[in-house]
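Handing you this structure, nothing more for now.
Convention: sequence-line order gives letters A, B, ...; per-chain numbering from 1. Since this is a predicted model, take the numbers as computed values, not measurements.
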Amino acid sequence: MLLDRTKMKLTMKDVEDKEAAKRQRAQAAQERSKQMHDGIMDAWRKIAKMKNSESDTKKLKRVYEAMMAGEISRDPSDAIDKRGKVKAFSKAEALRLYAKLEQRDRDKKIAELLEKLPQNYELIQTWAHLDDFIAAMSKESIIALDTETTGLDVFADEIVGISISLPSADRHCYIPVAHDTDEPQLNREIVLERLRPYLQDNNLRKVLHNAKFDIHMFIRHGVRVQGVHFDTQVAMQILNENEPSKRLKDLATVYLGEPSDTYDALFGKTPFHKITNLRVALAYAAKDTHLTWRLYRFMQHHLDRLPKLRTVYYEIENPLIDVVVEMEQEGFILDIDRAKALGKQMRKEIEALEAQLKQHFGDDVNFNSPAQLSKIFYEDLKLGKHLPPGMKQSTDKNALKVLAEHHEGISVLLEYKALMKLYGTYIDALPKQVKSDGRIHGEFKQDSTVTGRFSSKNPNLQNQPKYVRQIFKAPPGMVLLSGDFSQQEPRLLAHFSGEPLLIEAYRQGKDLYTTAAAELWGLPESECGDGSKWRKMMKTGILAVMYGTGTNTLAKQLGITVEEADDFIKKFYAKYKYVKRWIEGNVEFARKHGYVEMLMGRKRRLPEINSRDEWVRYRAERQATNAIIQGSAAIMTKIAMLKVAELCKRKGWKMVLTVHDEIGVYAPDTITPADVMEFEHTMLHAVELKVPSKSDIEAAYHWGESVNWDAKAKQWKVSDGDVVCYFDTPKEALAAAGAAV
DNA sequence: CGGCTGGGCCAC
DNA sequence: AAACGTGGCCCAGCCG
């Protein structure tokens, strides 16, 4: 190609221009570099003031120190935007620097791990070696066990290696079985067959960290682990529910004084089977069971001096692990056809509502965007003046309900938002979670809440709206038998406070809220029945007492003035003196001991109870009473689950869910009312309180749609007049939820 | 496209 | 300044 000579010509002016530009660039770079570091201390101060999670705090600290030591500095490619302007140093950038630091350290850490590889860590690559190890294992009564896998999905991923620690022999092995490497490895299926007698031996006790995960993984390969004696993750929640991280390596660092790198600190996002150097795999994996064992010893030491917590662990949490495994394995069947039909209907309604909204507010609005809605309502339409003083200019339901009085489009928006929530989060999302066996396998976590309640995720089966429950069904020929503790928490309030008035009401089988309302306001019970404002006020009020709700919020909830709410609380405490004394006692106890105790002596530590910050302290005071009630309810439900699990074993039923005060099982639809009574009895007598328990039991082919026993036909029937279906259409559900204005 | 955060909201 | 406890998930919007 010919060069264009005209462009090659160099004039003096060109040279000067170029030099000037160069100077300018250098100057700009210097200026930027100065700007990049100028505001950095202010930025750090700002970041330090943010409410950072414990793990973020750790990371930020590391970056800060590295920066001050000159080990790392802002990356210009991160600190300067496209137009060449210096961006303010943010928490996000700091966290990115942390990732960079980690990346830099990774090789060093792995090299170190190899250097320090203990003599008693064994990489098992031959059958003779495996035989030798198994011979040693057969002399042990307890071992530590762990699996390495291709990922975290226990219904899709696979085992790539197994770690075992033998405590008395002090031998710690890793058996790689599916790494992507040319190094010698044993065959997974044969290894599992060789280990099977030991893994399934109830008398060979096992210690694991997050046992549920490994048990699921072994089940994927046809092995049902027995004899789980201790789970260091589950136990950690008993020993310190405020622990910021329960990852094994973090606990080892904190409690064993053994600084240990987490998986991603060493390998990032590389899945374990991609680790080709098996000695690296050994160093990491054998350390897992070794640390698990040491953590077990450490925890035993503390459980020895905390006998109540030992009982909570061994009598409730540990046996519950197997129950949860079974429950998650069973899964929940989704009625896909129904979900599809409902989805179609909802999409139609959503589209219609959207068309209306566009007429009201314009075509180019995303009605799911709080930012856009806020601009329209508060900047364009200036509706903020209609909000009561003190109410934030929000686009949440509360504010919109007020604004709906002043703009007719807003009630449409309320309906739209409620419908979108149901559709997006549930009706449309749930079918996508169905696994290859046609079921939803949500996760139930027994050790992830500070009060001891279960949490649930992927999907969360504990927050399914009533309207949505109908798309969950029982397998053919079975019903969903479920029982929920009626007024579980108020009963516990009566139990703990010893309030004679509350206890008496429950013992006489009266409706507590009606009785209490009549007593408090000196009204005849006929005026405080179901649906009366007095009963509602009492119900909300008792809840408020348990949750420590302030009078402002209570007033808002009940639609009364703050003075009236205040008056109610005063009256309530004057009448129920035991309740008042008990609540005050909880705070006192917490101040003195730093924790409160629930049923069986499970603890909720409240380190903030003596904080000088009033707001922080008050929160801890509310938590004190709430934790006793909520935590004791959780214990009660967990005990009931253990007993229902035994019942299930006897009857061949399968537990499928727990929702705080509710337990659900799949049972053949040939069960009789006698079976149902047995189920009810099991729940009611799981725990004996000072007040009787009550449970509402229902059998249903679809969750929430109870069927009745037809005594003549001797079967469960969905007879026209009898079936209790929550709602037929989304509209009815919304009306019931009070969303449609 | 994945990670992260804020606003909002579902359950008990 | 903040006064309703315990959770998890969706969407928007921003980041790389």
What nucleotide, of C:dC9, B:dC10, C:dG8, holds the atom closest to the side chain of A:S448?
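Of all the options, the side chain of A:S448 is nearest to C:dG8.
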Any N or O donor-acceptor pair linking the side chain of A:Q630 to the base of C:dG5 at under 3.5 Å?
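Check passes, donor-acceptor contact within cut-off.
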How would you label the contact of A:D484 with the nucleic acid (heavy atoms, under 4.0 Å): base, sugar-phosphate, or nothing?
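If one applies the 4.0 Å heavy-atom cut-off, A:D484 turns out to touch nothing in the nucleic acid.
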Given A:R617, A:Q623, A:R619, the one that forms side-chain hydrogen bond (donor to acceptor under 3.5 Å, both in side chains) with A:E608
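By the side-chain hydrogen bond (donor to acceptor under 3.5 Å, both in side chains) criterion, A:E608 pairs with just one of A:R617, A:Q623, A:R619: A:R619.
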Can you confirm whether A:K274 is buried at NZ, in the sense that more than 12 heavy atoms of other residues, nucleotides or ligands lie under 6.0 Å from that atom?
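Result for NZ/A:K274: open.
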Check this one for me: any side-chain N or O of A:R469 less than 4.0 Å away from OP1 or OP2 of B:dC12?
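Result: yes.
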Proximal nucleotide (of B:dA11, C:dT6, B:dG7) relative to the A:T395 side chain:
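Taking heavy atoms from C-beta onward, the closest nucleotide is B:dG7.
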Considering only side-chain heavy atoms of A:Q557, which listed nucleotide, C:dC10, C:dA2, C:dC4, is closest?
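Nearest to the side-chain atoms of A:Q557, counting from C-beta on, is C:dC4.
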Is A:D428 touching bases, backbone alone, or none of the nucleic acid, heavy atoms closer than 4.0 Å?
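Nothing, no heavy atom under 4.0 Å.
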C1' atoms of B:dC9 and C:dA1, separation to the nearest Å:
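One C1' to the other, the span is 24 Å.
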Counting any heavy atom closer than 4.0 Å, what does A:N552 reach on the DNA or RNA strands: base, sugar-phosphate only, or nothing?
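Answer is nothing: A:N552 stays at 4.0 Å or more from every strand.
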Give a yes/no answer on whether the side chain of A:T549 brings an N or O atom under 4.0 Å of OP1 or OP2 in C:dA3.
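Negative; the distance criterion is not met.
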Phosphate contact (B:dC12 OP1 or OP2) by A:K466 side-chain N/O below 4.0 Å
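A:K466 to B:dC12 OP1/OP2: side-chain N or O found under 4.0 Å.
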Cationic tip of A:K638 above A:F454 ring, under 6.0 Å, 45° of axis
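Ring-cation test returns yes.
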Looking for any heavy atom pair under 4.0 Å, which part of the strands does A:V450 touch: base, sugar-phosphate only, or nothing?
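The residue A:V450 makes sugar-phosphate contact but no base contact.
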Would you mind classifying the nucleic acid contact of A:E614 as base, sugar-phosphate or nothing, using non-hydrogen atoms under 4.0 angstrom?
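It contacts nothing in the nucleic acid.
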If you check every side-chain atom of A:D396, which of C:dT6, C:dG8, B:dC9 has the closest atom?
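Minimum distance to the A:D396 side chain belongs to B:dC9.
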Would you kindly give the CD-to-C1' distance between A:E489 and C:dC4, to the nearest whole Å?
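From A:E489 CD to C:dC4 C1': 12 Å.
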Nearest to the A:T553 side chain among C:dA3, C:dA12, C:dG8, which nucleotide is it?
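Closest nucleotide among those given: C:dA3.
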With heavy atoms under 4.0 Å as the rule, sort A:Q464 into base, sugar-phosphate or nothing.
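Sugar-phosphate, no base atom in range.
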Need one value for A:S456: base, sugar-phosphate or nothing, where a base atom within 4.0 Å counts as base even if backbone is also close, heavy atoms only.
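A:S456: backbone/sugar contact only, no base atoms under 4.0 Å.
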When you measure only distances, ignoring hydrogens and angles, does the side chain of A:N368 come within 3.5 Å of the base of C:dC11 through a donor and an acceptor?
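Flag unset: no donor-acceptor pair detected.
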Just to verify, which of A:Q487, A:M683, A:M636 counts as forming a side-chain contact (heavy atoms from CB on, under 4.5 Å) with A:S693?
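Result for side-chain contact (heavy atoms from CB on, under 4.5 Å) with A:S693: A:M636.
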Would you please confirm or rule out a distance under 4.0 Å between OP1 or OP2 of B:dG8 and any side-chain N or O of A:N398?
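Indeed not, no polar side-chain atom of A:N398 lies that close.
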Check: A:T658 side chain, A:I663 main-chain N or O, donor-acceptor pair, under 3.5 Å
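Between the backbone of A:I663 and the side chain of A:T658 there is no qualifying donor-acceptor contact (under 3.5 Å).
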What does A:R604 touch in the nucleic acid at a heavy-atom separation under 4.0 angstrom: a base, only the sugar-phosphate, or nothing?
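Result for A:R604 = sugar-phosphate.
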side-chain N/O A:Q623 vs C:dT6 OP1/OP2, d < 4.0 Å:
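Affirmative; the distance criterion is met.
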Between B:dA11 and C:dA3, how many Å separate the two C1' atoms, rounded to a whole number?
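It works out to 23 Å between them.
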Any luck finding a side-chain donor-acceptor pair between A:Y423 and A:R347 under 3.5 Å?
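Their side chains do contain a donor-acceptor pair, which is all the 3.5 Å distance test asks for.
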Need one value for A:T551: base, sugar-phosphate or nothing, where a base atom within 4.0 Å counts as base even if backbone is also close, heavy atoms only.
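Here A:T551 touches no strand at all.
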Just wondering, are more than 12 heavy atoms of other shown residues or ligands nearer than 6.0 Å to OH in A:Y64?
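Atom OH in A:Y64 is not packed in, count stays at 12 or less.
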NA contact type, A:K421, heavy-atom cut-off 4.0 Å: base, sugar-phosphate, or nothing?
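Answer is base: heavy atoms of A:K421 come under 4.0 Å of a base.
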Please state how far atom CG in A:D264 lies from atom C1' in B:dG3, giving the value in whole angstrom units.
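Distance check: A:D264 CG to B:dG3 C1' gives 14 Å.
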Report yes if a side-chain nitrogen or oxygen of A:R622 is closer than 4.0 Å to either non-bridging phosphate oxygen (OP1 or OP2) of C:dG5; otherwise report no.
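Affirmative; the distance criterion is met.
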Tell me which nucleotide among C:dG13, B:dC12, C:dA3 gets nearest to the side chain of A:Y618.
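Ranking C:dG13, B:dC12, C:dA3 by closest atom to the A:Y618 side chain puts C:dA3 first.
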Taking OP1 and OP2 of C:dC11, is either one under 4.0 Å from a side-chain nitrogen or oxygen of A:K417?
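For A:K417, the contact criterion (side-chain N or O under 4.0 Å from OP1 or OP2 of C:dC11) is not met.
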